[in-house]
There are 2 protein chains.
Amino acid sequence: MNLKKGRRRGSPDTRESILDAARRLFSEKGFDATTVRAIAAEAKVDPAMIHHYYGTKDQLFAETIQFPIDPNVLISQIIAGGPDTAGERLVGAFIRVWDSPVGAAGVALIRSAMSHEWTTRLLREFFTTQILRRVSAELQLDPKDAQLRVNLVATQMAGLAVMRYIIKIEPLASLPPEQVVAAIGPNVQRYITGDIA
Amino acid sequence: MNLKKGRRRGSPDTRESILDAARRLFSEKGFDATTVRAIAAEAKVDPAMIHHYYGTKDQLFAETIQFPIDPNVLISQIIAGGPDTAGERLVGAFIRVWDSPVGAAGVALIRSAMSHEWTTRLLREFFTTQILRRVSAELQLDPKDAQLRVNLVATQMAGLAVMRYIIKIEPLASLPPEQVVAAIGPNVQRYITGDIA
DNA sequence: CGCGAAATTCAACTAGCGTTGAATTTATGG
DNA sequence: CCATAAATTCAACGCTAGTTGAATTTCGCG
């Protein structure tokens, strides 16, 4: 059962495989339910390696969490084309990212945001400073209710993420992207430009 | 520091106060972060009492999250009035429940659904068997897309719950109920009776 | 009043966690 | 080719959690 001690032979990709295993487990099970020992096992490595390379479990998690998208790129894409069709483009871009492999990071983030205060703060901070500021500026919304509009969009997006990628209710979870866009896009559009008073 | 042993004097409301404390802590911190010992402390009781009355921590949690409101009653309320204004009534009823003290149970449920497979299954089961069946039947929706419609409504409701009650983004978290209804109701209405193809 | 049942606390057990330090093996630069 | 650095494993520590069993006190019924 025990492996040989000392340095392994050959090129060491250990550091990366730890990060891979961590990402996989964090997104599958969330932060709490993922143990350092499980990550080590998944990466076929001793638990001590994790602290050797990444320090504490929190630090490893921080390395793991990268925002699945560069917000600036995404926002630019959505802006281009004018406000009137931004809803569909937003949902489309969202689905494209979350359906892809990098979406797992988002799942991990949401999962842990539900059980860890600091991740919650991180998310809130991210939304208000990164997203809200840029979107409301570039989309030239009335600053009066821009915040609320972005909030409302966030509810729809968060709900979509939760139901499609975490709870996985059918038929939504298996619905082709274009149908999701057709169903949800118009509602997001109303939050952006419609009458919400 | 130590209390006296043996049976306490007076009428024992211990059982209830344990449940109260459990509900409070579960909804504040989630399942994992809430320890049996913390619940016991909050209820001013020995940890052993919890097992005496409720068995394991899982069982206590199960007792905690029985739905605070009879879904049938709620659904009936929403149905009455016809499908054309069901969206606003649904959001209204939703907000009323979640803003009230019993909403804490919902927060606890969502929190743990994000990190525990069995709670996720519980939620999915509940949605598909309890909600979906009844709503689509009583609202006389086209069975063809009734499931998808309910799914879409669920995304909006879940997102609202997450953003208003868990992440607590402003101004949404502090918005008066009637304004929430005005903002979100029409979108839910479109999911129920609008064109979503 | 007496006795069994219920309620309560205490102390301890076990299991699993994150983490650490020492020991051991391999790679590498001068 | 040797010395130092890096990589890796092992064993253990300390902590905290959930859970259990015995001891102790009170209640309530006959």
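Values below: every heavy atom of this structure, side chains too, minus hydrogens, waters and symmetry copies. Just so we're clear, the structure is a prediction, and the values are computed from it rather than from any experiment. Chain A is the first sequence line, chain B the second, and so forth, proteins listed ahead of strands; every chain is numbered from 1.
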Engineer: With each end axis built from five pairs of C1' atoms, what bend angle do you get for the helix from dC1(C)-dG30(D) to dG30(C)-dC1(D)? Round to 10°.
Structural biologist: 0°

Engineer: Can you name the ring-ring contact (aromatic ring centres under 6.0 Å, His included) partners of Phe31(A), sequence neighbours left out?
Structural biologist: Phe26(A), Phe61(A), His116(A)

Engineer: Ile18(B) has an atom CD1; how far is it from atom C1' of dT9(C), in whole Å?
Structural biologist: 13 Å

Engineer: With sequence neighbours excluded, give me every ring pair (Phe, Tyr, Trp, His ring centres under 6.0 Å) pair touching residues 81-103 of chain B.
Structural biologist: Phe94(B)-Trp98(B), Trp98(B)-Tyr165(B)

Engineer: Between dA5(C) atom C1' and His52(B) atom NE2, what is the distance in whole Å?
Structural biologist: 10 Å

Engineer: For Tyr53(A) and dA6(D), is the shortest distance between a side-chain N/O and OP1 or OP2 below 4.0 Å?
Structural biologist: no

Engineer: Which ring pair (Phe, Tyr, Trp, His ring centres under 6.0 Å) pairs, counting each pair once, include a residue from residues 178-197 of chain A, with sequence neighbours left out?
Structural biologist: none

Engineer: Keeping to residues at least two apart or across chains, list the salt bridge (Lys or Arg N to Asp or Glu O under 4.0 Å) pairs with something in residues 83-108 of chain A.
Structural biologist: Asp99(A)-Arg164(A)

Engineer: Table please: side-chain donor-acceptor pairs of residues 171-183 of chain A below 3.5 Å, with sequence neighbours left out.
Structural biologist:
{"unit_1": "Ser174(A)", "atom_1": "OG", "unit_2": "Glu170(A)", "atom_2": "OE1", "d": "2.8"}
{"unit_1": "Ser174(A)", "atom_1": "OG", "unit_2": "Glu170(A)", "atom_2": "OE2", "d": "2.9"}

Engineer: Tell me the salt bridge (Lys or Arg N to Asp or Glu O under 4.0 Å) pairs involving residues 23-33 of chain B, sequence neighbours left out?
Structural biologist: Arg24(B)-Glu42(B)

Engineer: Who passes side-chain hydrogen bond (donor to acceptor under 3.5 Å, both in side chains) against Ser27(B), sequence neighbours left out?
Structural biologist: none

Engineer: Any chance you could list the contact pattern along nucleotides 16-21 of chain D? Use B for base contacts, S for sugar-phosphate-only contacts and - for none, protein heavy atoms under 4.0 Å, 5' to 3'.
Structural biologist: -BBBBB

Engineer: Using whole Å, report how far CE of Met49(A) lies from P of dT20(C).
Structural biologist: 15 Å

